[in-house]
Asker: 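Structure below; questions to follow.
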Amino acid sequence: LHHMTMHLCFIVSGIIDLVSLCIRYPKHTSQLFLSLALLAEGVVFYFHLEDRDSLDVILHQLLVATIGICFMSAALRMYCATNLLVNATLALSLTLQGTWLIEIGVILYGPSQWDRNNHNNTMFIIASYIWHLMLIGVGMFIFYTLLMIALKYYNMKRSGRGEWRLFLSLESSEDEHLLHEEVVE
């Protein structure tokens with residue numbers, strides 16, 4: 001019942017996203033429903049910890065922490081939807097949540113059996129979580145860097161003057177308008 005409730009919340013969020021393409025809803029309605037779905041998921045997994053062994057508890061606690069970051073990022077997007085750091089945090093935390101769910105499945109139900117009450121296994125799980133986080137963060141950073149280099153090269157070639165026309169900052173400015181204008185054209 002818990003998992004079905006959680007999935008239903010995400011289905012409702014997806015339906016709201018799709019319907020909002022045809023019907024005009026109040027601003028940030030889809031972000032609100034995504035935030036509510038993430039909140040519901042966090043609550044379900046938080047109370048999913050009862051009567052579990054220590055390894056299972058730490059796996060789910062790390063998942064709940066990740067879901068909390070997803071929820072806060074999604075909720076923050078309602079107030080600053082164009083902020084690069086908020087969007088990157090949401091993307092990173094959602095990716096981390098997905099890879100961590102796969103890791104939980106492999107650890108708990110995979111072919112090799114883990115000693116679920118061994119402290120060394122718990123410490124390895126914590127390190128593995130940090131590795132997931134860092135690999136995803138570095139991967140996103142590399143992707144962003146390559147994208148910015150490609151956009152600068154494209155804009156330099158397009159301008160024909162051999163100058164860099166695209167400058168990005170993390171603050172809201174005319175540069176964001178320039179980026180949007182250059183990419184859309």
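All heavy atoms count here, side chains included; hydrogens, waters and symmetry mates do not.
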Asker: Is there a side-chain hydrogen bond (donor to acceptor under 3.5 Å, both in side chains) between Y129 and T66? Walk through the geometry before answering.
Answerer: CA-CA 10 Å; Y129 177 83; T66 304; 2.5 Å; yes
Asker: Are E41 and C9 side-chain neighbours, meaning at least one heavy-atom pair lies under 4.5 Å?
Answerer: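 Of all side-chain heavy-atom pairs linking C9 with E41, none is under 4.5 Å.
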Asker: Q31 and A74: which non-hydrogen atoms are nearest, and at how many Å?
Answerer: CB-O, 4.3 Å
Asker: For the pair H48 (side chain) and V44 (backbone), establish whether a donor and an acceptor sit closer than 3.5 Å, ignoring hydrogens and angles.
Answerer: no
Asker: Nearest 0.5 Å please: distance from the NE2 atom of H132 over to the CG atom of L92.
Answerer: 12.0 Å
Asker: What distance do L59 atom CG and I125 atom CD1 have between them, rounded to the nearest 0.5 Å?
Answerer: 5.0 Å
Asker: Can you tell me how far apart CD1 (I107) and CD1 (I102) are? Round to the nearest 0.5 Å.
Answerer: 12.0 Å
Asker: Within a strict 4.5 Å, meaning less than it, do heavy atoms of the S128 and W100 side chains meet?
Answerer: yes
Asker: Indicate the atoms forming the closest heavy-atom contact of C80 with V86, along with that distance.
Answerer: SG-CG2, 3.8 Å
Asker: Measuring from L96:CG to T89:OG1, what's the distance to the nearest 0.5 Å?
Answerer: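 One finds 12.0 Å between CG of L96 and OG1 of T89.
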Asker: Taking atom OH as the centre, does Y25 end up with more than 12 heavy-atom neighbours from other residues, nucleotides or ligands that are less than 6.0 angstrom away?
Answerer: yes
Asker: Verify the distance criterion only: is there a donor paired with an acceptor across the side chains of R77 and N87 at less than 3.5 Å?
Answerer: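 Note: R77 and N87 side chains meet the donor-acceptor criterion.
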Asker: Would you call Y144 and L84 a side-chain contact if the rule is heavy atoms closer than 4.5 Å?
Answerer: yes
Asker: Given side chains that start at C-beta, do those of S35 and M78 come closer than 4.5 Å, heavy atoms only?
Answerer: yes
Asker: Should L32 and Y79 be counted in the same cluster of Ile, Leu, Val, Met, Phe, Trp and Tyr side chains packed under 4.5 Å apart?
Answerer: yes
Asker: So do N117 and L55 actually touch side chain to side chain, heavy atoms under 4.5 Å?
Answerer: no
Asker: Is there a chain of hydrophobic side chains (I, L, V, M, F, W, Y, each step under 4.5 Å between heavy atoms) that links L62 to M123?
Answerer: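 In one cluster: yes.
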Asker: Do the side chains of S30 and L34 get nearer than 4.5 Å, heavy atoms only?
Answerer: no
Asker: Just wondering, do L76 and N83 contact through their side chains at under 4.5 Å, heavy atoms?
Answerer: no
Asker: Closer than 3.5 angstrom, by distance alone: can the side chain of T122 be matched with the main-chain N or O of I58 as a donor-acceptor pair?
Answerer: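 Absent.
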Asker: I11 and I23: same hydrophobic cluster, using ILVMFWY side-chain contacts below 4.5 Å?
Answerer: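 The answer is yes; both residues are in one hydrophobic cluster.
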Asker: As a quick check of understanding, evaluate side chain to side chain contact (heavy atoms under 4.5 Å, CB included) for R116 and D56, giving each step before the final call.
Answerer: CA-CA 7 Å; R116 294 182 176 210; D56 203 351; 4.2 Å; yes
Asker: Working to the nearest 0.5 Å, report the span between OG1 of T29 and NZ of K27.
Answerer: 11.0 Å
Asker: With a 4.5 Å cut-off on side-chain heavy-atom distances among I, L, V, M, F, W and Y, is there a chain of contacts connecting L135 to I104?
Answerer: no
Asker: If you measure from CG on L94 to OG1 on T99, what distance do you get to the nearest 0.5 Å?
Answerer: 11.0 Å
Asker: Grab the two heavy atoms, one from L108 and one from H60, that are nearest each other, plus how far apart they are.
Answerer: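 Of all heavy-atom pairs spanning L108 and H60, the closest is CD1-CE1, 4.1 Å.
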Asker: Applying the 4.5 Å side-chain criterion to the ILVMFWY set and letting contacts propagate, would L146 and V138 be lumped into a single cluster?
Answerer: yes
Asker: Should the pair F124 and W114 be assigned to parallel (<30°), tilted (30 to 60°) or perpendicular (>60°) ring geometry?
Answerer: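 If you compare the ring of F124 with that of W114, the planes turn out tilted.
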Asker: Answer whether the closest heavy-atom distance between the side chains of M6 and L38 falls below 4.5 Å.
Answerer: no
Asker: Side chain to side chain contact (heavy atoms under 4.5 Å, CB included) with T145: which of L147, I142, I149?
Answerer: I149
